[in-house]
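Only one structure is covered here, and it is reproduced in the block below.
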Amino acid sequence: MLIRLTGGHVVDPANGKDGVGDLWIRDSRIIDAPQGETPDHVFDVSGKIVMAGAIDIHSHIAGGNVNTARLLLPENHRAHVARPAETPLSTAGWSTFETGCRYAAMGFTTVIEPAVPTHTALHSHLELADMPIIDKGILAVVGEDDFLLSLLRDAGKNRTAIADYLASALAQTKGLGIKSINPGGSVAFADNARTYDLDDVVPFYGVSSRQITHALQQGVMDIGIAHPLHLHTNNLGIGGNVDTALRTLQAAEGKPLHLAHLQFYAYGKDGKRGFSSGAAQLAAAVNSTPNVTIDVGQVMFRQTVTISCDVIRQFASVGTAKPRKSVIFDGEVNGAGVVPYLYKADSFYNAIQWAAGLELFLLINNPAQVFFTTDHPNGAPYTTYPELFALIMSRDLRNKWLADLPKEAVELTTLPSIEREYSFSEIATMTRVAPAKLLGLKDRGHLAAGALADIAVYNDDPADRAEAFRHAHLVFKDGDLVVRDGKITHYRTGRALTVQPSYDSNIDRRLSRYYDEAYGLSRDLFKVPENAIGLDHAFEEVACQG
């Protein structure tokens with residue numbers, strides 16, 4: 001099948017393209033313009049914006065916490081009306097099936113679930129496989145389990161064993177990267193700690209959160225995967241926690257590190273309520289720390305539900321739950337909490353949060369260093385992305401929103417003074433080029449010959465950017481036309497992206513003995529078998545860097 005997209009405004013910053021041109025597709029790949037061949041299909045996309053398919057690096061779309069949230073908020077199922085008819089799970093709002101459809105309609109073709117405990121990976125992969133169209137991946141959560149903490153305590157600087165352990169965890173879970181959440185925090189919480197900072201020591205193990213982070217950061221580098229340690233650091237959501245974030249940035253010591261949902265750490269203590277935006281200070285630090293990337297975790301004003309393995313943070317949030325219900329649980333490897341929350345525009349604190357996220361977007365100079373997320377569903381559902389695109393592309397639109405916020409909150413941010421407006425090229429860098437590079441996906445995020453034909457075409461309507469991004473004009477996945485004018489035209493299965501770094505298999509034998517002795521169970525019970533999904537080509541291996 002030969003396809004030609006003609007006359008569109010091609011925005012492909014990875015290859016220096018930002019102008020009118022044609023794009024050719026043969027089967028699943030983009031190709032150079034062929035000589036003397038007639039295309040099977042021609043799409044006239046004159047006046048439209050043509051980009052690579054978007055990649056979301058951090059969206060909680062599968063796993064136990066997501067399912068607990070669904071069970072906790074059945075009223076949201078009733079409130080949700082737009083469902084694909086006569087499809088699997090069509091009676092459930094925010095189902096796995098619907099997630100794939102909604103992402104595709106916005107021009108997203110790859111989405112990463114960033115927090116899967118190693119013991120629940122199979123369940124998460126089965127959920128992800130139910131999402132049509134998009135490719136997926138998971139980040140395996142480590143940093144809390146007895147085996148690793150004992151390695152750190154007993155073996156001290158046994159760097160090789162820790163690297164082998166991380167590689168084995170990726171093989172077990174078929175993950176794409178490593179995530180750590182408030183390292184050591186769940187163990188401290190189980191020992192009745194209710195606060196936990198970077199240099200606090202994990203009870204019984206004698207290692208600090210900083211030491212765990214350093215070990216994981218180095219271990220990820222040693223096994224040669226592209227994505228650096230994905231870190232949810234300490235003191236999320238607390239006034240004055242900008243100091244924690246700044247110390248964490250310094251603690252990276254020049255090594256690659258990705259800090260998740262930085263907006264939730266961008267809070268100072270100025271003002272009579274002791275809560276202000278520290279985003280400008282944090283953005284300046286990111287600008288001077290090129291080894292660090294971040295995603296924002298933008299807050300938007302609406303009902304959502306917060307879900308996290310940061311059990312200390314979630315336990316502290318129970319009193320602010322709306323509606324008044326929550327689930328907090330402890331467990332081997334990680335605890336977790338699910339707490340519904342309503343972000344309100346007339347709330348002083350929520351207004352500071354909203355502004356701080358936008359400040360990070362707009363004050364971090366390099367769009368390849370700042371990633372587009374709402375930490376779905378913690379800051380807002382991913383379905384708010386189109387509104388957020390519009391906000392960072394228009395100062396006038398931001399000013400309209402600012403006019404409705406509490407004045408005393410606005411005065412504690414720098415947002416009103418920021419004039420920057422993102423261009424389409426910067427949007428493409430943030431949502432295509434940079435995520436592909438961060439995850440090591442060399443055939444995505446750009447439109448050069450040889451790339452996967454994951455392509456999104458948008459209307460160019462300056463008066464309503466949000467609508468243009470909400471309902472893409474055309475979306476191709478692997479060369480298949482899957483969306484036309486925001487409607488799904490073709491359902492297809494996606495793949496799960498995984499890495500397989502090499503390691504010393506002695507660590508597997510040690511782990512098997514550990515599981516036998518500690519649990520009386522085989523570790524094999526927690527592995528994700530190659531044939532678990534029941535589909536051909538369910539997994540795609542992403543090459544390591546060496």
Side-chain angles (χ1 to χ4, degrees), residues 3 5-11 23 25 41-56 59 61 79-90 92-111 130-136 300 302 372-374 376-377 380-394 397 424 427-428 430-432 447 452-494:
I3 297 172
L5 305 181
T6 183
H9 181 164
V10 178
V11 181
L23 206 61
I25 303 169
H41 294 284
V42 176
F43 295 87
D44 183 352
V45 292
S46 302
K48 314 291 186 186
I49 302 295
V50 182
M51 296 184 183
I55 302 169
D56 190 344
S59 183
I61 54 175
H80 189 78
V81 294
R83 301 177 182 122
E86 299 179 355
T87 56
L89 302 177
S90 62
W94 299 102
S95 68
T96 51
F97 189 89
E98 190 175 359
T99 298
C101 296
R102 284 178 169 259
Y103 260 113
M106 297 191 299
F108 281 76
T109 49
T110 304
V111 180
D130 192 57
M131 295 175 189
I133 302 173
I134 58 175
D135 290 336
K136 287 79 60 171
M300 299 290 269
R302 63 197 62 213
F372 190 93
T373 71
T374 58
H376 166 82
Y382 63 85
T383 48
T384 61
Y385 286 3
E387 295 170 77
L388 186 47
F389 282 127
L391 281 167
I392 62 177
M393 295 183 78
S394 170
L397 183 60
F424 278 114
I427 292 289
M430 176 188 292
T431 58
R432 276 80 172 169
L447 298 172
L452 270 182
D454 289 0
I455 301 166
V457 180
Y458 299 103
N459 294 314
D460 185 9
D461 181 3
D464 195 348
R465 295 284 188 217
E467 174 58 21
F469 283 114
R470 185 174 297 111
H471 298 119
H473 173 57
L474 300 173
V475 178
F476 294 85
K477 178 74 187 83
D478 289 5
D480 283 349
L481 179 62
V482 293
V483 172
R484 185 189 286 273
D485 295 326
K487 305 292 185 183
I488 305 298
T489 57
H490 175 59
Y491 295 97
R492 50 170 289 138
T493 56

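- Tyr103 and Ser59 form a side-chain donor-acceptor contact under 3.5 Å, judged by distance and modelled atom types alone.
- Judged purely by atom type and a 3.5 angstrom limit, Thr384 uses its side chain to pair as donor or acceptor with the backbone of Pro381.
- From Asp485, atom CG reaches atom NE2 of His471 across 10.0 Å, with rounding to the nearest 0.5 Å.
- At a threshold of 4.5 Å between non-hydrogen side-chain atoms, the residues Val482 and Tyr491 do not count as touching.
- Ile134 contributes atom CD1, which lies 12.0 Å from atom CD1 of Ile55 (distance to the nearest 0.5 angstrom).
- Asp478 is linked by a side chain to side chain donor-acceptor pair (under 3.5 Å) to Arg492, Arg495, counting only residues two or more places apart in sequence or in another chain.
- In this structure, the separation between CG on Asp464 and CZ on Arg470 is 7.0 Å, given to the nearest 0.5 Å.
- Inter-residue side-chain proximity for His376 and Ile61 is flagged as met; some heavy-atom pair is nearer than 4.5 Å.
- Here the straight-line distance linking atom OG1 of Thr489 with atom CG of Leu474 works out to 8.5 Å at 0.5 Å rounding.
- Considering only residues two or more places apart in sequence or on other chains, Arg432 meets the salt bridge (Lys or Arg N to Asp or Glu O under 4.0 Å) condition with none of them.
- Pairs engaging residues 44-56 under the salt bridge (charged side-chain N to carboxylate O under 4.0 Å, His left out) rule: none recorded [sequence neighbours left out].
- Qualifying salt bridge (Lys or Arg N to Asp or Glu O under 4.0 Å) partners for Arg484, counting only residues two or more places apart in sequence or in other chains: none.
- Remark: Thr374 pairs with no residue by the side chain to side chain donor-acceptor pair (under 3.5 Å) rule, at least two apart or across chains.
- Remark: Thr6 pairs with Asp22 by the side chain to side chain donor-acceptor pair (under 3.5 Å) rule, at least two apart or across chains.
- Applying the salt bridge (Lys or Arg N to Asp or Glu O under 4.0 Å) rule to Asp461 yields no partners; only residues at least two apart in sequence or on another chain are considered.
- Every residue meeting the ring pair (Phe, Tyr, Trp, His ring centres under 6.0 Å) condition with Phe43, not counting sequence neighbours, appears here in chain and number order: Phe476.
- Results of the ring pair (Phe, Tyr, Trp, His ring centres under 6.0 Å) test with Phe108 over Tyr382, Phe469, Tyr385 single out Tyr385 as the only residue that passes.
- Shortest non-hydrogen contact noted between Val483 and Ala104 is CG2-O, 3.6 Å.
- Under the salt bridge (Lys or Arg N to Asp or Glu O under 4.0 Å) criterion, Lys477 pairs with Asp135, Asp454, sequence neighbours left out.
- Here the NZ-OG1 distance, from Lys136 to Thr109, works out to 11.0 Å after rounding to the nearest 0.5 Å.
- In this structure a side-chain-to-backbone donor-acceptor pair under 3.5 Å is present from Ser95 to Glu98.
- Scored by the side chain to side chain contact (heavy atoms under 4.5 Å, CB included) test, Ala390 finds Leu397, Arg465, Ala466 as partners (sequence neighbours excluded).
- Heavy atoms only, all atoms of each residue included: Gly107 and Ala472 are closest at N-CB, 4.3 Å.
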With side-chain contact (heavy atoms from CB on, under 4.5 Å) as the criterion, how do Tyr458 and Phe424 come out once you've worked through the C-alpha distance, each side chain's angles and the decisive distance to 0.1 Å? CA-CA 11 Å; Tyr458 299 103; Phe424 278 114; 5.9 Å; no
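- In this structure, Ile392 and Ile427 have side chains that are in contact, with non-hydrogen atoms separated by less than 4.5 Å.
- Under the rule for a side chain to side chain contact (heavy atoms under 4.5 Å, CB included), the partners of His9 that lie at least two apart in sequence or sit in another chain are Val11, Asp18, Ile49.
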Evaluation steps, side-chain contact (heavy atoms from CB on, under 4.5 Å), between Val45 and Val50: CA-CA 8 Å; Val45 292; Val50 182; 4.1 Å; yes
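- For Thr431, the side chain to side chain donor-acceptor pair (under 3.5 Å) test picks out no residue, with sequence neighbours left out.
- Contact of the Met51 side chain with the Ile455 side chain is not registered, since no non-hydrogen atoms from C-beta on lie closer than 4.5 Å.
- In this structure, CE in Met131 is found 14.0 Å from OG1 in Thr493, a value given to the nearest 0.5 Å.
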